[in-house]
Visitor: 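Have a look at this one before I ask anything.
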Amino acid sequence: MLIDGEWTESRDGKWLEVVNPANEQRIAEVPAGTATDIDRAVKAARRAFDTGPWSRMRPSERQRLLLRLADLIEENAQTMAEIESIDNGKSVQMALAVDVALTIDFLRYMAGWATKIEGSTVDVSVPYAMQGEFFAYTRREPVGVVAAIVPWNFPLLVAAWKLGPALATGCTVVLKPAEQTPLSALFLGELILAAGFPQGVVNIVTGDGPNAGAPLTQHPMVHKISFTGSTEVGKLIGKTAMENMTRVTLELGGKSPVVVLDDCDPAAAAAGAANAIFFNHGQVCCAGSRLYVQRKMFDRVVADVAQIASSMPLGHGLDPNAQMGPLVSREQMDRVCGYIDIGRSEGAQLVTGGGRAGEKGYFVKPTVFAGDRQDMRIVQEEIFGPVLVAMPYDDLDEVAGWVNDTPYGLGASIWSNNLSRVQRLIPKIKAGTVWVNCHSMLDSSVPFGGFKQSGFGREMGRASLDAYLESKSVFMAI
Ligand code: NAI
Ligand code: MG
């Protein structure tokens, strides 16, 4: 682990196994951090924030460090993609094209913001002090020590979404990667040191949720928590944060709908819907896991999606022919297969797939159900695997109701070429992002986050800076 600029083991001497999900082999051991390690890391971050060279650095120097880090990631892109592939199970090409490429782009984008953080000057009236003259302005100041807690589905990228704005604004960070996928964060730690970030600015503590994550969120010297993960843990963290009034943003689960209107090209919609659910093996917070198709196109679109699903070659992430890898862990595979059983027992019709593939590695067959009731658990609950449930609908008002009828509100996509139908639907959808004729498109400059139980706060774009900045108002009698 990286604490105060030095590589260190856990003080308690415990270790965590890291497993390659494609073959169930142990590939590494990392320290199992505990409250003692968290305390060391938070205090290092605090020192770096208060008195270290970082606290005196100019914005342009922070910008330069972030750009240097992005360059180093680019130089090591293939290695990082391979690490992500054997640790998480995703394909190395996908890791290179999506995870690593977006990470580099995002750090460069955020580097630019370091020199563009602005307050405002205000012409004030102060009606109860008419004899005085005043000048007022606001300044934006870094919030302090940031606890960044990251999940296993996009380990490097989600870490970057938190490190980027934290470092651009001048905060310091304790990063806790997911226990299933700690390796890319540790490699990133080496690059952070090589880039020249002063000691203690970024600390990386590996460990699980209860023993490392929880004490990090409870630490009184942490000023802001940025969490991505399950809604269940997000709620716990929200309550913990309130105890110390720690600022908090939560990017949580989803059950995002894909809505196909009967004016569109069914083959294009089916290909889009398949990609929306099967990308990253369905382990995507905004995965299109509910497919609503207008009735006259329903059979055609569902058959096409099922055809794509059943012909998708599964395999090791380093195998260039594999289109889908294993799920991240045995726990996740069991959870997803459990939902497939629930779907069957709820009476949903299994169109294709339906359980584990093979006996070695955590592979699950791309699965498509046809459902007929909104209240089915496979329609309501986040599965976080390659499992799609499709339902027919008749009119747009009906489907608008169904789209919003889950606790979540992260993303939604609409497939149609009729502008007025699309425009009438967009305002009705309670979700942080609406895609039209695409799904899961993300960009460094566009805010991403949830309505409802998908969390609060936004990542990426200018909006993400707000969560890392306090606003200070200054009044001056002149
Ligand atoms: P999780 O929410 O338990 O884990 C995410 C991160 O939170 C990990 O780093 C973990 O160590 C940490 N964590 C866990 N408990 C904590 C606690 N009490 N205090 C502080 N940190 C804690 O998610 P998990 O168990 O890996 O997956 C369960 C389900 O959560 C998935 O099946 C999926 O539905 C959802 N999920 C959603 C993600 C998203 O991108 N929104 C990412 C990962 C999981
Ligand atoms: Mg958990």
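One-based numbering, in listed order, for ligands and for the atoms of each. By convention here, the first residue in the shown sequence is residue 1. Here the structure is a predicted model, which is why all the values come from computation and not from measurement.
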Visitor: Quick check: does K176 get an N/O under 3.5 Å from an N/O on ligand 1?
Guide: yes
Visitor: I want to know if ligand 1 touches E382 in the polar sense, i.e. an N/O pair below 3.5 angstrom.
Guide: yes
Visitor: Please assess H219 against R46 for the test side-chain hydrogen bond (donor to acceptor under 3.5 Å, both in side chains), listing each intermediate value before the final yes or no.
Guide: CA-CA 11 Å; H219 203 292; R46 178 71 205 224; over 6 Å; no
Visitor: Polar contacts were defined as any N/O atom of the residue lying under 3.5 Å from an N/O atom of the ligand; does this apply to T217 and ligand 1?
Guide: no
Visitor: My understanding is that we take every heavy atom of each candidate and find the minimum distance to atom 13 (N) of ligand 1. Doing that for G209, C285, G450, which one comes out nearest?
Guide: G209
Visitor: With respect to atom 6 (C) of ligand 1, which of L250, V233, V150 exhibits the smallest heavy-atom separation?
Guide: V150
Visitor: What atoms of ligand 1 come within less than 4.0 Å of a heavy atom belonging to E179?
Guide: 8 (C), 10 (C), 11 (O)
Visitor: Under 4.0 Å from any heavy atom of A214, which atoms of ligand 1 are there?
Guide: 19 (N), 20 (C)
Visitor: Output the list of atoms in ligand 1 that are nearer than 4.0 Å to some heavy atom of D208, sorted by atom number.
Guide: 11 (O)
Visitor: Which atoms of ligand 1 sit under 4.0 Å from any heavy atom of F227?
Guide: 2 (O), 6 (C), 7 (O)
Visitor: So if I count the atoms of ligand 1 from 1 in the order they appear, which ones are less than 4.0 Å from some heavy atom of P151?
Guide: 42 (C), 43 (C)
Visitor: Please confirm whether L252 comes within less than 3.5 Å of ligand 1 when only nitrogen or oxygen atoms on both sides are compared.
Guide: yes
Visitor: Run the side chain to side chain contact (heavy atoms under 4.5 Å, CB included) test on N20 and E24 for me, step by step, so that the C-alpha distance in whole Å, both residues' side-chain angles and the decisive distance to 0.1 Å come before the verdict.
Guide: CA-CA 5 Å; N20 177 342; E24 305 183 35; over 6 Å; no
Visitor: Any nitrogen or oxygen of W152, main chain or side chain, under 3.5 Å from a nitrogen or oxygen of ligand 1?
Guide: yes
Visitor: Could you tell me whether atom 25 (O) of ligand 1 has a protein heavy atom closer than 4.0 Å?
Guide: no
Visitor: Please determine if D99 and K90 form a salt bridge, counting it only when a charged side-chain N lies under 4.0 Å from a carboxylate O.
Guide: yes
Visitor: Before signing off on this row, confirm whether P210 and ligand 1 have an N or O atom pair separated by under 3.5 Å.
Guide: no
